[in-house]
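A note on names: the letters A, B, ... follow the listed sequences, proteins ahead of strands, and every chain is numbered from 1.
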Amino acid sequence: MKQRVNALLRDKFNCDVILEKPKDRSFGHFATPIAFSLAKELRKSPMAIAEEIATSFNESEMFSAVESVKGYINFRLSESFLDEYASWALSHGDQFGSSDKKGSILLEFVSANPTGPLHIGHARGAVYGDTMLRLGRHLGYDITAEYYVNDAGNQIDLLGVSLQLEGRSSLLGESVEWPEKYYRGEYLSDLAKEVVTLFGEEALRDESRQKELALWAKDKILALIVEDLAAINVHFDTFVGEASLYNEWDRVMAKMGEGVYQNEGKTFIRSSDLGDDHDRVVVREDGRPTYLAGDIIYHNQKFERGYDDYINIWGADHHGYIARVKAAISFLGYDSSKLEVLLSQMVSLLKDGEPFKMSKRAGTVILMSDVVEEIGAEALRFMFASKKCDTALEFDIEELKRQDSSNPIYYIQYAHARIQTLISKSEKSMDEIMSSHLHGLSADADGLLFEALLLPEIIEDAFESRQAQKVPDYLKVLAGRLHKFYYDTRIIGTEDEAKLLKLLLVVALSIKTGLSLLGIQAKDRM
RNA sequence: GCGUCCGUAGCUCAGCUGGAUAGAGCACCGGUUUGCGGUACCGGCGGUCAGGGAUUCGAAUUCCUUCGGGCGCACCA
């Protein structure tokens, strides 16, 4: 809708015009302060310019009024335009707000190590990534959702050790000496039990079998992670294992050329040439590659697959890592600006105002599955999607368990359900409703319709600015307008019934579409 | 110390391509239709947009600076 208005204005002014939504709807649907910026150029007062521009729109069919007020130019869309647009939206169903954007994107997110279940911080990245995925796909981008599995290196060795020790300690009752670093948690003793039934007790004591057990456990844990993600409606297209990439090693190193050098028996990358604090070790003296090595071959592989753009969603604790990965990409001969790294900040939980402690067995980590069990997948998704991901976040579990207006997800679902109830109560046929014309609407009805029709620009704005929270914000506002309208306006049995229901169908469509882009299904009944 | 993200109502957060009177939910106080789901609606209370400076018609929004907080600063992942 805004695009159509914008296109018209662009023709007129030969440049992009800033269009904003006035806070006070009595000013119209859109407004622009363009007269202020033209004032200097034209050496006239903003008010005179605005007046002149406004009158030049008198003939336009798109607007019922264009007025200048204190230098602003306010546009009021005509009813015929709004009605036509509403019909167009309804005929597109769940494709409303979709677009034909071109371009392929490789979106990597979550990528949690397969050494334990997902915690609450992973959940934020998962929800944010999946929301961007849904928004981008709705807009037409060809996006691949990828999970990078760190199935090589120290953490896998550590997993094998931890598994054996946990089994010997909790199942066999042996007293064991714990190393400085090891994994712990209920999942490990569950896995140890399985080890005993599958491989026998001896497998827990045989150090030569650590690697074998670790790789076995890694697959089991990854399956657990996939299951946890499915529970919040997050799915990946591809999984790339770090270990599988190392046969490319020599070729990739050759490709890096002057970007790497040898010193004291180690291999370094010249990342300090490209903005990093200092050069980084890629291969240690004993020949073992570092974590960065895996990421170098992984990113080489990504770029060889030839996407137009790359997005990585990382936890904020990885932000120091961006410079070196980008340096590697440049040395490999690719355009590192094609990689966009989005950071999701830390999460902490409150329960009734107190820090939320999980079971002792799970250690200090707050498991995502525990939170899902407490508040449900929808509330979790909505909560994470509603916050900018670059702000550290605290939230209270109890608030999200409530089922009233204090819990936005119920508030929005209830708005959708109310509309469905009205539709089913009405004796009007769908044809009758759809063929009615939205004219003679009250100011409230007009405002509600306009809000509902804004969905497409909200989706585009949210995706392009990478600010997923714009969608939930919009849905809250739209639901609020619906509830107020419902309270103020009698619908069933009035002479306006058909056209008001058409209006409400547009609202329901936007709510349903918006929710589905958040991975949440709209409810017809509560 | 360096880098980075942040600082908006008592709390949790929106608003930040510079624009009209700074918003919402929670909390607290008080109201509401003989009308389709009261899981709703309305009103009140509550602000030095952390402090200071700069830019300009105009700053919560841009820039500089001080203060305060989170997260990094590995041959760990």
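For the pair A:Ala152 and A:Phe27, nearest-nucleotide mapping onto RNA chain B gives the more 5' position to A:Phe27. Each of A:Val281 and A:Gln469 lies near RNA chain B, and the nucleotide nearest A:Gln469 is the one positioned closer to the 5' end.
Base engagement by A:Ala31 is indicated by at least one non-hydrogen atom pair under 4.0 Å involving a base atom. Using a 4.0 Å heavy-atom distance criterion, A:His483 is classed as a sugar-phosphate-only contact. As judged by a 4.0 angstrom heavy-atom cut-off over every strand, A:Gln413 is placed among residues making no nucleic acid contact. Using a 4.0 Å heavy-atom criterion, one finds that A:Arg525 contacts the bases of the nucleic acid, with or without backbone contacts as well. Among the atoms of the strands shown, only primed sugar atoms or phosphate atoms (P, OP1, OP2) are found under 4.0 Å from some heavy atom of A:Gln155. In this structure, A:Lys70 reaches neither bases nor backbone, as no heavy-atom distance under 4.0 Å exists between it and the strands shown. Among the heavy atoms of the strands lying under 4.0 Å from A:Lys388 is at least one base atom, whether or not backbone atoms are also near.
Contacts between residues 486-495 of chain A and RNA chain B, defined by a heavy-atom separation under 4.0 Å, are made by A:Tyr486, A:Tyr487, A:Asp488, A:Thr489, A:Arg490, A:Ile491, A:Ile492.
A donor-acceptor contact under 3.5 angstrom links the side-chain atoms of A:Asn74 to the base of B:A20.
Taking atom C1' on both B:A60 and B:G3, the two are 26 Å apart, rounded to the nearest angstrom. A gap of 36 Å separates the P atoms of B:A20 and B:G38, to the nearest Å. Between B:U61 and B:A54, the distance separating the two C1' atoms is 15 Å to the nearest Å. Going from the P atom of B:G15 to that of B:A24 covers 15 Å, rounded to whole Å.
For the side chain to side chain donor-acceptor pair (under 3.5 Å) with A:Thr267, the qualifying choice from A:Glu285, A:Gln262, A:Arg280 is A:Gln262, the only one to do so. Just one residue in the list A:Phe30, A:Phe450, A:Phe63 forms a ring pair (Phe, Tyr, Trp, His ring centres under 6.0 Å) with A:Phe75, and that residue is A:Phe63.
Judged by the 6.0 Å and 45° rule, A:Arg124 forms no cation-pi pair with A:Tyr128. Geometrically, A:Arg466 engages A:Phe463 in a cation-pi contact defined by less than 6.0 Å to the ring centre and at most 45° from the axis.
By the neighbour-count criterion of 12 heavy atoms within 6.0 Å, atom NZ of A:Lys326 is densely surrounded, having more than that number from other residues, nucleotides or ligands.
Of the candidate nucleotides B:G15, B:G37, B:G72, B:G72 has the atom nearest to the side chain of A:His319.
For the salt bridge (Lys or Arg N to Asp or Glu O under 4.0 Å) test, residues two or more places apart in sequence or in another chain that qualify with A:Asp286 are A:Arg288.
A:Asn113 has no side-chain polar atom (N or O) that falls below the 4.0 Å cut-off from OP1 or OP2 of B:A77. Taking side-chain N and O atoms only, A:Gln345 has no distance below 4.0 Å to OP1 or OP2 of B:U4.
Taking a pair to require two hydrogen-bonding distances under 3.5 Å in either a Watson-Crick or a G-U wobble arrangement, B:A24 pairs with B:U12. Nucleotide B:C49 forms a pair with no other nucleotide shown, judged by Watson-Crick or G-U wobble geometry with both contacts under 3.5 Å.
Looking only at atom types and distance, the side chain of A:Ser426 has a donor-acceptor partner in the side chain of A:Glu497 under 3.5 Å away. No hydrogens or angles considered: nothing links the side chains of A:Asn113 and A:Lys218 as a donor-acceptor pair under 3.5 Å. Under 3.5 Å, the side chains of A:Ser386 and A:Gln469 contain no donor-acceptor pair of N or O atoms. Side-chain polar atoms of A:Glu242 and A:Asn150 form a donor-acceptor pair below 3.5 angstrom.
With rounding to whole Å, A:Tyr410 atom OH is found 18 Å from B:G38 atom C1'. Between the CZ atom of A:Arg466 and the P atom of B:C5 there is a distance of 17 Å, given to the nearest Å. Rounded to whole angstrom, the span from the NZ atom of A:Lys387 across to the C1' atom of B:G15 amounts to 14 Å. When rounded to the nearest whole Å, the span between CG of A:Leu159 and C1' of B:A77 equals 13 Å.
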Polar atom pairs (N or O), protein with nucleotides 56-63 of chain B, under 3.5 Å:
residue : atom : partner : partner atom : Å
B:C57   : OP1  : A:Lys40 : NZ           : 3.3

